Amino acid sequence: MVKKILEIAVKAAESKRGEDIVALDMEKVSLITDYFMIVDAASTRQVQAIADSVEEAVEAAGIEIKRIEGYSAARWVLIDLGDVMVHVFQKDDRSYYNLEKLWVEAPMVDVSDWVEA
């Protein structure tokens, strides 16, 4: 079920033209969550659209959202789905925080089947 939550979030972000969507398998490197999904957007408006899309999709699937942080500033929105943490960044903020490098020991999850090439 956890991977299905990740799939729903990836597809929802992709539907709003989220860019450079990656997922990290955090199971063996963090006690916080099983997966990180990271996506970026070109503007605050697009960050919020992606966050809204993820929120709507997971709620429609009956998945509980633990919390959402950063929505009003829309530079980095964190959507806590428990086993999946969704990070929606503006491009510059994603480069600055560089979660992929911070969690380099976490294996990448292949999400190519869930996004259009």
Side-chain angles (χ1 to χ4, degrees):
M1 180 62 186
V2 176
K3 202 150 190 184
K4 187 66 179 171
I5 296 169
L6 178 63
E7 179 183 354
I8 291 166
V10 167
K11 287 180 175 179
E14 208 270 335
S15 76
K16 295 300 179 188
R17 298 190 179 162
E19 298 175 19
D20 195 17
I21 301 171
V22 299
L24 304 176
D25 184 342
M26 303 297 289
E27 254 183 312
K28 293 186 173 93
V29 296
S30 172
L31 299 174
I32 300 169
T33 190
D34 289 346
Y35 294 104
F36 270 7
M37 186 195 105
I38 305 166
V39 59
D40 64 62
S43 67
T44 56
R45 190 176 217 152
Q46 188 183 15
V47 167
Q48 289 175 333
I50 292 168
D52 290 342
S53 181
V54 170
E55 182 180 6
E56 290 165 13
V58 297
E59 284 178 344
I63 299 159
E64 178 189 355
I65 297 173
K66 309 276 188 230
R67 71 179 187 267
I68 298 175
E69 295 182 11
Y71 184 85
S72 59
R75 307 274 319 153
W76 175 4
V77 176
L78 171 69
I79 304 169
D80 182 352
L81 304 174
D83 295 327
V84 177
M85 294 278 197
V86 177
H87 301 268
V88 186
F89 284 99
Q90 282 197 35
K91 282 188 184 307
D92 292 345
D93 292 279
R94 181 175 183 174
S95 295
Y96 179 79
Y97 291 104
N98 202 351
L99 295 184
E100 293 97 318
K101 186 174 181 187
L102 181 66
W103 294 101
V104 70
E105 68 277 5
M108 295 281 239
V109 178
D110 182 6
V111 298
S112 60
D113 289 344
W114 303 331
V115 296
E116 292 182 24

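What's counted below: heavy atoms across the whole structure, side chains too, no hydrogens, waters or symmetry copies. All values derive from a computational prediction rather than experimental measurement.
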Heavy atoms only: give me the nearest I50-D40 pair and the separation to one decimal. CD1-O, 4.3 Å

Are L99 and W76 side-chain neighbours, meaning at least one heavy-atom pair lies under 4.5 Å? yes

Where do R94 and E100 land on the salt bridge (charged side-chain N to carboxylate O under 4.0 Å, His left out) test, with the steps shown first? CA-CA 9 Å; R94 181 175 183 174; E100 293 97 318; 2.4 Å; yes

Got M85 and D80 here, is their nearest side-chain heavy-atom distance under 4.5 Å? yes

Using side-chain heavy atoms (C-beta onward) and a distance below 4.5 Å, is W114 in contact with E14? no

Chi angles and distances behind the side chain to side chain contact (heavy atoms under 4.5 Å, CB included) call for L78, R67: CA-CA 8 Å; L78 171 69; R67 71 179 187 267; 4.2 Å; yes

Tell me whether the count of non-hydrogen atoms from other residues, nucleotides or ligands lying under 6.0 Å of OH in Y71 goes above 12. yes

Within one Ile-Leu-Val-Met-Phe-Trp-Tyr cluster: V47 and L81, side-chain cutoff 4.5 Å: yes

Could you walk me through whether E19 and V39 pass the side chain to side chain contact (heavy atoms under 4.5 Å, CB included) check? CA-CA 6 Å; E19 298 175 19; V39 59; 5.7 Å; no

Check against side chain to side chain contact (heavy atoms under 4.5 Å, CB included), M37 and V10: CA-CA 7 Å; M37 186 195 105; V10 167; 3.6 Å; yes

Which atoms form the tightest heavy-atom contact between Y35 and K3, and what is the distance? OH-CD, 3.9 Å

Would you say K4 has more than 12 foreign heavy atoms packed within less than 6.0 Å of its NZ? no

Side chain to side chain contact (heavy atoms under 4.5 Å, CB included) between D92 and Q90, worked out: CA-CA 6 Å; D92 292 345; Q90 282 197 35; 5.8 Å; no

Tightest non-hydrogen contact, residues V54 and A9, listed as CG2-O, 3.8 Å

